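For the single chain, residues carry numbers from 1 onward in sequence order. In listed order, ligands and their atoms are each counted from 1. What you see is a predicted model; the values in this text were computed from it and never measured.
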Amino acid sequence: MNVTVTGAGGQIGYALLFRLASGQLLGPDTPINLRLLEIPQGLAAAEGTALELADCAFGLLASTTITDDLTQAFDGVNVALLVGSRPRAAGMERADLLAANGRIFGPQGAAINAGAASDVRVLVVGNPANTNALIARSHAPDVPADRFTAMTRLDHNRAVAQLAAHFDVSVTAIEGVAIWGNHSASQYPDVFHATVRLKSGERCFVRDLVDERWLAAEFIPRVAQRGSEIIAVRGASSAASAAGAALDHVHDWANSTPSGAGQWTSAAVVSDGSYGVPEGLISSFPVRSVAGHWRIEPGLEIAEFSRARIDASVAELVAERDAVAALGLLATQ
Ligand code: NAI
């Protein structure tokens, strides 16, 4: 399998590539040709990482190519992890940030369209992830739309971990959490369908054990602002947990998720209009992976508390979409 990682010389790249090459992305039986895409000033860091990858002597790592050429990076690609993006610099307006990233993700989408394998799967990690994925997808008219996704799995994992800590149980005792909307501070971590297996062994709905004040004042901000908390405590942004979530996303996409009640996960996928999210928007939903495709979990009842929060995050996505459309960054709509 040809796996392309953009921004390979960055923090997430460094946390991701070793686990990926050890088999945690596609399993222990799938050899990988790695393509590391960087901008010229990032090539040396990517080369350094590649030296260390060689020194790990991973049996699955068939080859490593380091390049700043989009055609070479995406030719025959089966899995594309689009991590590199333009961070917000001091004084940068939102429109400037969207425009700078449009200039990255438009050409990457076009290169994927031109050269990718027919089964390509794309995960956008680089922020603003949902809208970057939307831009890339619009430049890839020949690739099925559902192959473009953005990462909210880190938010999902954070929500699960926070609930587990709250109830003092293992993360394996939590099911049915969902992240809705944008991978931003407006995201909505929804526990209204979540259950917890308490230490007593009893499985209960989380909504019966917590009140809306705790959700609004503590849980939701804690999950949504966890990235800032990590930066404040660690002095650097979350890279290892982001890398872990990217591996989880692609692993589940390629291998399917369990079929039991509530055993879904979260990913930003192309909306089919479900739950009032405008069709075509790349928004986070509760999803299951079935036969290699993400399926939005149908038929969930949306509490009033949830509805307003989902709508607010989706409105932010609509505004981002309209802004990049106005900047001429969407090739098709
Ligand atoms: P970083 O700054 O350490 O590394 C980014 C790398 O991307 C740099 O080496 C840079 O040279 C490279 N790059 C920039 N433009 C590029 C281009 N056009 N083509 C190829 N490479 C390019 O950043 P870090 O910590 O690795 O984070 C990467 C992105 O992931 C950021 O946008 C960050 O906000 C985002 N992120 C997303 C999360 C999510 O849950 N969706 C979670 C955490 C981070």
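The nearest heavy-atom contact from the protein to atom 18 (N) of ligand 1 is I104 CG2, 3.4 Å. Ranking the protein heavy atoms by distance from atom 17 (C) of ligand 1 puts I39 CG2, 3.5 Å first. G7 N, 3.3 Å is the protein heavy atom nearest to atom 21 (N) of ligand 1. The nearest protein atom to atom 4 (O) of ligand 1, hydrogens excluded, is given as G10 CA, 3.2 Å; this is a heavy-atom distance. Annotation: atom 3 (O) of ligand 1 to nearest protein heavy atom, Q11 N, 2.9 Å. Scanning the protein heavy atoms around atom 28 (C) of ligand 1, the nearest turns out to be V83 O, 3.4 Å. Considering only non-hydrogen protein atoms, atom 27 (O) of ligand 1 sits nearest to I12 CD1, 3.4 Å. Scanning the protein for heavy atoms near atom 31 (C) of ligand 1, the closest one is S85 OG, 3.8 Å.
A salt bridge does not link E212 with R207: every distance from a Lys NZ or Arg NE/NH1/NH2 to an Asp or Glu carboxylate oxygen is 4.0 Å or more. Salt bridge status for R197 with E175: absent, with no side-chain N to carboxylate O gap under 4.0 Å. Checked for salt-bridge contact, R226 and E229 meet the test: a charged N lies under 4.0 Å from a carboxylate O. Salt-bridge formation is detected for the pair R153/D252: a Lys NZ or Arg NE/NH1/NH2 atom is positioned less than 4.0 Å from an Asp or Glu carboxylate oxygen.
For atom 34 (O) of ligand 1, the nearest protein heavy atom lies closer than 4.0 Å. For atom 23 (O) of ligand 1, no protein non-hydrogen atom is found at a distance below 4.0 Å.
Contact analysis puts E38 in contact with ligand 1, with a non-hydrogen atom separation below 4.0 angstrom. Judged by the shortest distance from any of its heavy atoms, S237 lies inside the 4.0 Å radius around the atoms of ligand 1. At least one heavy atom of Q108 sits closer than 4.0 Å to an atom of ligand 1.
Contact annotation: for N127 versus ligand 1, heavy atoms closer than 4.0 Å belong to both the backbone and the side chain. Of the heavy atoms in A242, only side-chain atoms (C-beta onward) come closer than 4.0 Å to ligand 1.
For ligand 1, one of its N or O atoms has an N or O atom of H183 under 3.5 Å away. Backbone and side-chain nitrogen or oxygen atoms of V125 are examined, and one is located within less than 3.5 angstrom of a nitrogen or oxygen of ligand 1.
A tilted orientation is assigned to the rings of F285 and Y275, their planes being inclined by 30° to 60°. The aromatic rings of W214 and H166 sit tilted, their planes meeting at an angle between 30° and 60°.
Between the Q187 side chain and the S184 main chain, a donor and an acceptor come within less than 3.5 Å of each other. In terms of modelled atom types and a separation under 3.5 Å, the side chain of S284 and the main chain of G181 share no donor-acceptor contact. N130 places a side-chain N or O within donor-acceptor distance of the main-chain N or O of H183, the cut-off being under 3.5 Å.
For ligand 1, the atoms closer than 4.0 angstrom to any heavy atom of G9 are 9 (O).
Under a cut-off of 6.0 angstrom, the local environment of CD in Q41 is crowded, with over 12 non-hydrogen atoms contributed by other residues, nucleotides or ligands.
A donor and an acceptor atom, one from each side chain of T67 and D69, are nowhere located under 3.5 Å apart.
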